[in-house]
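Working notes, structure below.
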Protein chains: 4
Amino acid sequence: MFAAGTDSWREYGPSQLPEVLQSALRVFAERGYEGASIRGLAAAAGLSVPGMYHHYRSKQDILVNLMEHALVDLIARCREALASAGPEPAARFDALVECMVRFHMFRRAEAFVASTELRSLEPGNRARCVALRDELQGMVADVIEEGCAAGVFSTPYPADAARAVSTLCVGVATWYREDGPLSPDQVVERQLVLLRNLVGRR
Amino acid sequence: MFAAGTDSWREYGPSQLPEVLQSALRVFAERGYEGASIRGLAAAAGLSVPGMYHHYRSKQDILVNLMEHALVDLIARCREALASAGPEPAARFDALVECMVRFHMFRRAEAFVASTELRSLEPGNRARCVALRDELQGMVADVIEEGCAAGVFSTPYPADAARAVSTLCVGVATWYREDGPLSPDQVVERQLVLLRNLVGRR
Amino acid sequence: MFAAGTDSWREYGPSQLPEVLQSALRVFAERGYEGASIRGLAAAAGLSVPGMYHHYRSKQDILVNLMEHALVDLIARCREALASAGPEPAARFDALVECMVRFHMFRRAEAFVASTELRSLEPGNRARCVALRDELQGMVADVIEEGCAAGVFSTPYPADAARAVSTLCVGVATWYREDGPLSPDQVVERQLVLLRNLVGRR
Amino acid sequence: MFAAGTDSWREYGPSQLPEVLQSALRVFAERGYEGASIRGLAAAAGLSVPGMYHHYRSKQDILVNLMEHALVDLIARCREALASAGPEPAARFDALVECMVRFHMFRRAEAFVASTELRSLEPGNRARCVALRDELQGMVADVIEEGCAAGVFSTPYPADAARAVSTLCVGVATWYREDGPLSPDQVVERQLVLLRNLVGRR
DNA sequence: AATGAATGAGCCTTCATTCAT
DNA sequence: CATGAATGAAGGCTCATTCAT
């Protein structure tokens with residue numbers, strides 16, 4: 001049912017993020033960037049305020065690090081997922097969806113903040129992160145178009161379908177709870193079923 | 001193609017919001033609740049700061065008014081849409097989706113703020129708004145379940161499908177632009193196609 | 001001995017400065033601009049910190065107001081002094097010196113801060129204040145050149161003499177004390193004697 | 001025209017200051033003591049922050065070293081200048097003025113900071129530096145009084161003249177530029193002319 | 001002497017809010 | 001409703017300084 005091949009994109013050990021960023025992530029996820037204060041971030045990190053500035057030049061800098069880390073990690077995993085999926089559009093689609101869904105469950109806070117706080121980035125930083133996000137959306141769009149071209153997907157609106165697929169994968173971060181009723185594998189399965197339908201998989 | 005019957009739920013004149021709320025809406029949509037200051041809201045409204053407090057007891061109060069107005073309006077429209085759609089689950093689904101999509105295009109800022117700033121509400125206010133939102137999601141879930149029961153929708157995961165439908169309708173507020181390439185009717189049409197597929201409409 | 005004519009340039013009632021600026025003046029004179037904190041300025045003014053910001057947009061703004069007030073007042077008095085002195089270069093020189101010396105005694109703190117904190121001004125503000133200062137120096141230079149041209153001053157270096165005259169008048173603010181051994185009139189008299197010599201008055 | 005005798009007080013090789021103090025000097029001259037940060041001083045010195053504390057116990061310590069070095073050097077030079085000038089008051093005056101003017105040109109930053117930042121010294125340090133400064137002013141005052149006693153200076157206000165002479169010598173540091181229109185010798189010459197006049201040299 | 005990590009205190013400024021007029 | 005004055009609390013950030021390595 002899942003894509004075959006190398007599986008490192010499916011593995012989620014403990015976060016690689018520096019501890020300061022991990023705690024910042026929790027705070028940003030809970031209160032939003034504007035709602036978080038450096039004092040709060042420092043307290044969450046067990047640091048003093050200047051201690052935070054020793055590690056990061058500004059509050060914005062913390063957010064940027066967080067967001068780029070998340071996006072870069074997700075993109076890398078998606079690439080691996082596609083690579084391991086082989087050439088069949090259906091398998092590629094499944095791998096991509098599975099990869100994104102897993103990421104949005106296992107890196108929930110990263111993913112949530114990355115999708116929520118784009119607006120809080122200063123123009124230059126935003127541009128860089130938007131470019132990364134667009135890269136991701138491009139991967140989804142490409143896979144769907146391949147599928148349509150190959151006749152395995154039948155949706156008449158591949159571009160809109162691609163946006164919907166992205167939206168729903170990202171949305172997982174909004175509602176998924178580790179202690180919820182569904183196992184991660186079940187969530188993946190259900191999203192796959194819904195999204196295959198959405199693109200009109202035959 | 002669209003649901004028949006009384007059509008007031010399809011009509012969007014200029015916003016009924018008091019002007020103060022309209023300008024507040026713009027500010028909240030642009031900078032977020034935390035990122036907006038009373039001074040900024042007052043300036044946007046062409047009022048003095050105490051003038052704002054003459055109308056609303058607090059910044060929170062402004063947000064609450066905005067959000068309740070949006071949710072109440074949306075719920076009312078959805079009810080009308082369902083009422084005008086008659087008993088057929090397929091027609092009811094289409095009406096509900098169309099109604100939500102239209103709302104998220106024509107009341108974009110309201111809808112965006114309402115979905116974005118739930119977290120900025122104080123507990124009591126949040127509870128009330130969450131209840132309203134749940135009511136909406138309940139309408140979607142009900143319609144989908146009716147459809148499944150009647151055999152017109154085939155998705156094995158009606159609850160997940162309902163969440164997906166909500167998510168995608170809400171998502172329209174994120175990307176729709178008045179001056180974009182698609183007319184509102186086209187957007188409705190496309191969302192309908194995608195979402196009918198998603199629920200496995202036969 | 002003193003220049004004749006209208007004498008308003010010689011009169012120094014209590015400072016016309018708003019009280020907030022008066023207290024800021026004391027603090028700046030004592031600790032310098034960088035050494036003064038908004039908290040200190042507010043305390044000296046009997047205000048809260050935001051109270052200061054109600055009156056002035058920034059710490060810099062306070063300094064600018066102070067400096068421009070001082071320079072404008074001094075220039076106006078110097079003009080009056082020259083006007084009341086008539087056409088004789090010697091009388092004009094005496095009037096100008098007397099005026100500047102008096103100002104640097106009776107508006108000691110203003111004058112001191114104005115000459116000391118030019119460097120603390122942001123570029124735009126500095127430019128404006130430097131222009132005012134240059135205007136003053138121009139008046140001194142003009143009077144000395146007139147005197148040289150008329151043969152009443154004999155210094156071979158009128159430009160350097162003008163700078164020296166300015167420097168010494170400004171310097172009065174550095175050492176003069178209200179409770180010192182010399183009366184203001186005595187100070188004026190002595191500076192006149194020294195400076196007439198300096199320019200080689202015949 | 002210049003005083004005769006041993007000339008080491010006229011010679012200015014590269015500064016003898018330790019490099020750390022030289023760079024600190026530049027920073028203090030540019031931004032003032034309060035406006036300078038240890039980080040800035042360290043950066044200017046090419047040192048790390050703890051590296052600064054290896055050399056000096058505090059920011060204040062740096063300033064004290066700088067100021068004492070400057071004052072001690074200047075006093076020593078003035079003594080030499082007087083010694084080399086012989087017994088004639090006129091020659092002694094000229095030597096002293098020349099010495100001070102040269103110092104304020106060739107050790108511009110030292111002299112500027114020493115005269116500007118007295119106020120930034122803690123009480124004990126200030127007392128020591130003020131004593132040094134007073135020693136200098138005493139030398140000027142003595143020379144002028146000698147001259148008056150000997151009948152070569154005619155000013156009726158020798159004490160005020162002494163202050164003026166000091167002020168104008170110190171002032172040189174304010175306006176002199178290495179790349180200005182006047183050579184150091186020309187500056188000395190002009191100051192001598194002005195100051196001889198000021199004291200009423202016959 | 002450098003590097004890296006840390007901090008209490010304090011910086012300038014803005015916040016939401018109030019009240020008298 | 002506006003204006004003007006005010007404020008406690010908090011905002012992001014930097015300060016001089018220290019210590020372990």
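The analysis underlying the following values was restricted to heavy atoms, covering all of them including side chains, and did not include hydrogens, waters or symmetry mates.
Residue A:Ala42 is classed as having no contact, given no heavy-atom separation below 4.0 Å to the nucleic acid. Within 4.0 Å (heavy atoms only), A:Ile38 reaches sugar-phosphate atoms of the nucleic acid but no base atom. Within 4.0 Å of B:Ala36, counting heavy atoms only, lie sugar-phosphate atoms of the nucleic acid but no base atom.
Rounding to whole angstrom units, CG of residue A:Asp61 and P of F:dG12 are separated by 14 Å. When rounded to the nearest whole Å, the span between NZ of B:Lys59 and C1' of E:dT17 equals 12 Å. Summarising the geometry, the separation between CD1 on A:Ile62 and C1' on F:dG12 is reported as 11 Å, rounded to the nearest angstrom. In this structure, C:Glu34 places its CD atom 11 Å from C1' of E:dC11, rounding to the nearest Å. One atom, OH of B:Tyr56, and another, P of F:dC1, lie 10 Å apart when rounded to the nearest Å. Distance, B:Leu41 CG to E:dT14 C1': 14 Å, rounded to whole Å. The distance from atom OH of B:Tyr53 to atom P of F:dA6 is 19 Å, rounded to the nearest whole Å.
For residues 29-50 of chain A, every residue pair satisfying the side-chain hydrogen bond (donor to acceptor under 3.5 Å, both in side chains) rule, not counting sequence neighbours, is listed here: A:Tyr33-A:Gln60.
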Using the 3.5 Å cut-off, write out each protein N or O paired with an N or O of nucleotides 2-5 of chain F and the distance between them.
unit_1, atom_1, unit_2, atom_2, d
F:dA2, OP2, B:Ser48, N, 3.3
F:dA2, OP2, B:Ser48, OG, 3.0
F:dA5, OP2, C:His54, NE2, 3.0
F:dA5, O5', C:His54, NE2, 3.4

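Side-chain atoms of A:Arg126 do not come within 3.5 Å of backbone N or O of A:Ser120 as any donor-acceptor pair. Checked by atom type and distance alone, the side chain of A:Lys59 never pairs as donor or acceptor with a backbone atom of A:Leu41 at under 3.5 Å. Checked by atom type and distance alone, the side chain of A:Glu110 never pairs as donor or acceptor with a backbone atom of A:Ala70 at under 3.5 Å.
Residue D:Arg57 places its CZ atom among 12 or fewer non-hydrogen atoms of other residues, nucleotides or ligands, all under 6.0 Å distant.
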For DNA chain F, the dot-bracket pattern of Watson-Crick and G-U pairs whose distances stay under 3.5 Å, | for other-strand partners: .||||||||||||||||||||
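With rounding to the nearest 0.5 Å, the separation of SG in B:Cys129 from CG in B:Asp134 is 11.0 Å. Atom CE of A:Met67 sits about 11.0 Å away from atom CG of A:Leu25, to the nearest 0.5 Å. Distance CG/D:Leu136 to CZ/D:Phe103: 9.0 Å, rounded to 0.5 Å.
Nearest-nucleotide assignment on DNA chain E puts the 5′-proximal partner with C:Gly35, out of C:Gly35 and B:Gln60.
Under the side-chain contact (heavy atoms from CB on, under 4.5 Å) rule, C:Leu66 has a single partner from C:Leu21, C:Asp61, C:Leu71, which is C:Leu21.
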